[in-house]
Number of protein chains: 2
Amino acid sequence: MLMGKLQENSKVYLEIVGKLKEIIGENQLKAGDRLPSERDLAEMLNAGRSSVREALRSLELLGLIETRRGEGTFISDFRNHRLVEILSGFILESDQAKQDVQETKELVEMMGIYSLVNRNTTVNVQDLMNQAEEDDSKLFESLMNMTGNFLLVKLWRIVSNFEQSLQLSKKKVGKQVYENLLKAINRGDWFQAMEIYSQSVRNEVEL
Amino acid sequence: MLMGKLQENSKVYLEIVGKLKEIIGENQLKAGDRLPSERDLAEMLNAGRSSVREALRSLELLGLIETRRGEGTFISDFRNHRLVEILSGFILESDQAKQDVQETKELVEMMGIYSLVNRNTTVNVQDLMNQAEEDDSKLFESLMNMTGNFLLVKLWRIVSNFEQSLQLSKKKVGKQVYENLLKAINRGDWFQAMEIYSQSVRNEVEL
DNA sequence: TCAGATTTGTCCGTATGTATA
DNA sequence: CTATACATACGGACAAATCTG
């Protein structure tokens with residue numbers, strides 16, 4: 001029956017989701033690594049194959065794993081979750097949710113900027129400006145990476161993917177703004193950096 | 001076999017997820033409304049009950065629907081989706097991101113403070129100080145709630161819970177510090193507010 | 001209180017498509 | 001080509017919870 005705790009209110013497939021999380025963490029499984037087969041998992045966790053499948057499907061929809069018929073189940077890269085399209089289809093009618101997504105992304109970006117200044121990071125202005133030529137997102141992804149805070153990087157990716165799938169209108173930002181922002185970071189002037197971001201990069205959120 | 005399109009590479013449960021979205025849309029189903037039973041859905045969509053369950057479970061894990069034994073399956077408030085919790089749970093469990101947890105929590109708190117100032121929020125100093133008496137976390141949870149940004153609140157809860165489970169040592173912060181912080185927020189002086197937080201509340205992070 | 005119907009929860013058996021050695 | 005391993009999918013069976021009359 002697979003009873004994780006004393007009083008188990010949770011359902012078997014939820015317990016399995018938790019177990020899978022532990023398995024991934026303990027074995028340090030990375031993207032591309034293979035999970036045990038459904039039957040092995042069912043035996044390991046003392047549960048039915050259907051319950052295992054329900055757990056695996058749930059995680060597959062989230063984009064955390066990928067199952068290929070005849071091969072097995074594999075950890076996928078968090079960046080590849082097509083979950084956002086599915087979820088955004090459901091929450092599309094909620095303007096509040098959209099607004100939260102955009103605002104959160106902007107807050108995460110501000111966190112990154114603050115973190116960079118706080119660590120006295122010197123950024124390569126020229127390189128980053130070239131990346132901004134292609135796509136504004138590239139610039140911020142690089143900035144997030146430079147913080148060295150992986151959690152922040154992953155949070156940014158999630159929210160950024162979400163924002164793109166929601167097709168929110170984005171403000172057009174001039175090159176000069178970014179250059180000033182980067183220079184402020186290099187000067188260690190976080191007050192100025194935050195001002196620039198807040199006033200020139202952020203999208204206005206009507207209150 | 002349920003073939004939605006001509007050549008379908010997609011799996012049955014994914015088609016069912018799509019169909020469910022249509023059913024919800026066409027019938028204008030709102031939070032609390034009941035979906036057809038699993039067996040009815042299986043018959044309607046010409047699929048097996050197991051496949052229907054896989055689809056329903058996936059949506060349940062996301063927090064988009066809720067199933068209750070003996071009753072049925074019901075639409076949830078989409079604002080309560082659990083995307084962030086689930087993804088973050090896996091990210092935190094897997095990566096060595098644990099070292100980033102504390103920093104990220106502090107960044108989230110700073111962004112919350114920034115958001116409050118940015119929205120010209122006036123906080124009730126006395127109430128919040130009382131909450132801080134019990135537990136410092138209470139104070140910040142209330143502050144995050146006041147931002148009105150659901151995602152930010154969720155992020156804070158996740159990171160905060162995880163930080164507690166890591167049993168990190170926390171700095172002891174005096175009452176006067178919090179009072180000054182709250183007053184700075186009410187003055188709209190975010191520079192001062194951030195300085196107070198940064199210097200007196202944050203734990204030093206060795207670089 | 002009670003009995004019967006409905007619904008989800010869980011597991012199992014079987015058949016099949018696919019990839020690999 | 002064969003054999004094995006694996007996911008995909010369906011349907012049956014029974015348990016447990018809930019609802020209805």
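A note on names: the letters A, B, ... follow the listed sequences, proteins ahead of strands, and every chain is numbered from 1.
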From D/dA9, C/dT7, D/dA17, nucleotide with atom closest to B/S37 side chain: C/dT7

For atom CZ of B/R53 and atom P of C/dC12, their distance in whole Å: 15 Å

Nearest-nucleotide pick for B/R34, side chain only, options being C/dG17, C/dT7, C/dC12: C/dT7

Spacing between B/E54 atom CD and C/dG9 atom C1', to the nearest angstrom: 14 Å

Value in whole Å for how far the C1' atom of D/dC19 lies from CZ of B/R69: 15 Å

Selected nucleotide, minimal atom distance to A/R49 side chain, candidates D/dA16, C/dT18, C/dG13: C/dG13

Residue-phosphate contact under 4.0 Å: B/S50 side-chain N/O, D/dT8 OP1/OP2: no

Sugar-phosphate only, base, or nothing, as touched by A/G70 at under 4.0 Å among non-hydrogen atoms: base

Nearest-0.5 Å distance, OG1 of residue B/T122 to CG of residue B/L182: 12.0 Å

Verdict with reasoning, B/E141 to B/W156, per side chain to side chain donor-acceptor pair (under 3.5 Å): CA-CA 8 Å; B/E141 181 165 22; B/W156 183 87; over 6 Å; no

Side-chain-base donor-acceptor pair under 3.5 Å for A/S51 and C/dC11: no

Criterion side chain to side chain donor-acceptor pair (under 3.5 Å) on A/T67 and B/K11, from CA distance to verdict: CA-CA 11 Å; A/T67 59; B/K11 305 168 183 177; 2.9 Å; yes

Under 4.0 angstrom between B/R57 side-chain N/O and C/dG9 OP1 or OP2: yes

B/E71 side chain, from C-beta outward: closest of C/dC11, D/dC19, D/dA9: D/dC19

Criterion side chain to side chain donor-acceptor pair (under 3.5 Å) on B/N149 and B/S115, from CA distance to verdict: CA-CA 9 Å; B/N149 183 320; B/S115 181; over 6 Å; no

Any donor-acceptor N or O pair under 3.5 Å, side chains A/Y13, B/E60: yes

Euclidean distance, atom CD of residue B/E15 to atom P of D/dC10 [Å, nearest integer]: 11 Å

B/K11 NZ - C/dT18 C1' separation (whole Å): 12 Å

Sugar-phosphate, base or nothing in reach of B/T67, heavy atoms under 4.0 Å: sugar-phosphate

Side chain of B/V12 (C-beta onward), nearest among D/dA7, C/dT10, D/dA9: D/dA9

Residue-phosphate contact under 4.0 Å: B/R68 side-chain N/O, D/dA17 OP1/OP2: no

Whole-Å gap separating C1' (D/dA7) and CG (A/L56): 10 Å

DNA chain C: 5'-proximal contact among B/L35 and A/V52 (nearest heavy atom): B/L35

Value in whole Å for how far the P atom of D/dC6 lies from CD of A/E43: 12 Å

Between C/dC11 (C1') and A/E38 (CD): distance, integer Å: 14 Å

